[in-house]
Amino acid sequence: QVQLVESGGGLVQAGGSLRLSCAASGRPFSTFSTNAMGWFRQAPGKEREFVAAISWRGGSTFYADSVKGRFTISRDKAKNTVYLQMNILKPEDTAVYYCAAAAGAPLYDLARGLGDYWGQGTQVTVSS
């Protein structure tokens with residue numbers, strides 16, 4: 001039973017920063033050499049969209065164009081934890097942010113929404 005638990009969401013003014021964390025229980029990547037974790041977000045009335053992904057072993061990253069240059073994804077392999085540092089936040093970044101993990105898959109597959117595990121989400125609200 002693998003669980004992903006997000007934390008770090010909250011209310012911030014435009015131009016500010018937040019850091020999200022996602023901790024994975026157990027050892028979800030122990031069987032495979034290629035794995036990935038990442039973040040998606042969903043605003044009310046909108047479809048879920050990809051934000052960022054990272055390969056577990058090598059740390060390669062991939063970002064949505066809307067956040068490139070502002071957000072940074074990283075991971076701590078020993079803690080099975082992925083982070084999303086969000087800088088220069090904009091009101092359009094307001095959404096519920098979901099952590100995702102893909103076992104035995106590259107980061108580009110995760111970016112396409114093919115994750116095996118999903119967190120419950122954490123709310124990020126950016127005021128004008």
Side-chain angles (χ1 to χ4, degrees):
Q1 183 76 4
V2 175
Q3 289 185 303
L4 305 179
V5 180
E6 303 99 332
S7 62
L11 175 65
V12 65
Q13 66 182 34
S17 299
L18 284 173
R19 191 175 84 151
L20 306 183
S21 299
C22 173
S25 66
R27 300 179 182 273
F29 306 143
S30 62
T31 305
F32 307 99
S33 60
T34 302
N35 308 278
M37 291 187 70
W39 295 90
F40 290 74
R41 66 187 183 187
Q42 187 170 24
K46 296 185 177 180
E47 297 293 323
R48 183 181 63 185
E49 66 173 343
F50 167 74
V51 176
I54 186 168
S55 64
W56 205 245
R57 185 175 64 179
S60 299
T61 59
F62 178 63
Y63 298 92
D65 288 341
S66 60
V67 306
K68 192 175 299 182
R70 299 187 297 121
F71 291 10
T72 302
I73 188 170
S74 61
R75 91 288 195 216
D76 186 329
K77 294 167 67 175
K79 296 180 179 180
N80 280 351
T81 300
V82 65
Y83 306 95
L84 185 67
Q85 179 66 47
M86 304 184 294
N87 298 324
I88 320 176
L89 282 161
K90 305 175 180 179
E92 52 262 45
D93 294 318
T94 295
V96 176
Y97 283 69
Y98 296 93
C99 179
L107 78 168
Y108 296 111
D109 283 357
L110 180 68
R112 296 174 63 172
L114 302 179
D116 297 298
Y117 311 104
W118 296 86
Q120 292 297 113
T122 185
Q123 177 71 48
V124 172
T125 302
V126 184
S127 61
S128 301

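Note that the numbering runs from 1 along the sequence shown for the chain.
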Just list the side-chain donor-acceptor pairs under 3.5 Å for residues 33-47, sequence neighbours left out, or say none.
| residue | atom | partner | partner atom | Å |
| --- | --- | --- | --- | --- |
| N35 | OD1 | G104 | N | 3.0 |
| N35 | ND2 | F32 | O | 3.1 |
| R41 | NE | E49 | OE2 | 2.7 |
| R41 | NH1 | D93 | OD1 | 2.9 |
| R41 | NH1 | Y97 | OH | 2.9 |
| R41 | NH2 | E49 | OE2 | 3.2 |
| Q42 | NE2 | K46 | O | 3.0 |

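S60 contributes no side-chain N or O that, together with a main-chain N or O of S55, makes up a donor-acceptor pair within less than 3.5 Å. No donor-acceptor distance shorter than 3.5 angstrom exists from the side chain of Q120 to the backbone of V5, with no hydrogens or angles considered. Using modelled atom types, one side-chain atom of T94 and one backbone atom of V126 make a donor-acceptor pair closer than 3.5 Å.
In Q123, the CD atom is crowded: over 12 heavy atoms of neighbouring residues, nucleotides or ligands sit closer than 6.0 Å.
Considering only heavy atoms from C-beta on, T72 comes within 4.5 Å of Y63 through its side chain. With a 4.5 Å cut-off on side-chain heavy atoms, V67 and F50 do not count as touching. Contact check for I73 versus F62: no side-chain heavy atoms found under the 4.5 Å cut-off. Residues M86 and L20 meet the side-chain proximity criterion, which asks for heavy atoms closer than 4.5 Å.
Listed by first and then second residue, the side chain to side chain donor-acceptor pair (under 3.5 Å) pairs involving residues 104-114 amount to none (not counting sequence neighbours). Sorted by first and then second residue, the disulfide bond (SG atoms under 2.5 Å apart) pairs with a member in residues 87-128 read C22-C99; sequence neighbours excluded.
Under the 4.5 Å side-chain heavy-atom criterion for Ile, Leu, Val, Met, Phe, Trp and Tyr, L18 and V96 are members of distinct hydrophobic clusters. Residues V124 and V51 are members of one and the same hydrophobic cluster, defined by side-chain heavy-atom contacts under 4.5 angstrom among Ile, Leu, Val, Met, Phe, Trp and Tyr. Connection of L107 to V82 is not established within any shared hydrophobic cluster, with ILVMFWY side chains joined at heavy-atom distances below 4.5 Å, either directly or through further cluster members.
Expressed to the nearest 0.5 Å, how far CG of L84 lies from CZ of R19 amounts to 10.5 Å. Considering CG of L89 and CD of Q13, their distance stands at 10.5 Å, rounded to 0.5 Å.
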Review point. Do Y83 and D76 pass the side chain to side chain contact (heavy atoms under 4.5 Å, CB included) test, and can you show the C-alpha distance, the side-chain angles, and the key distance before you say yes or no?
Key: CA-CA 8 Å; Y83 306 95; D76 186 329; 4.1 Å; yes
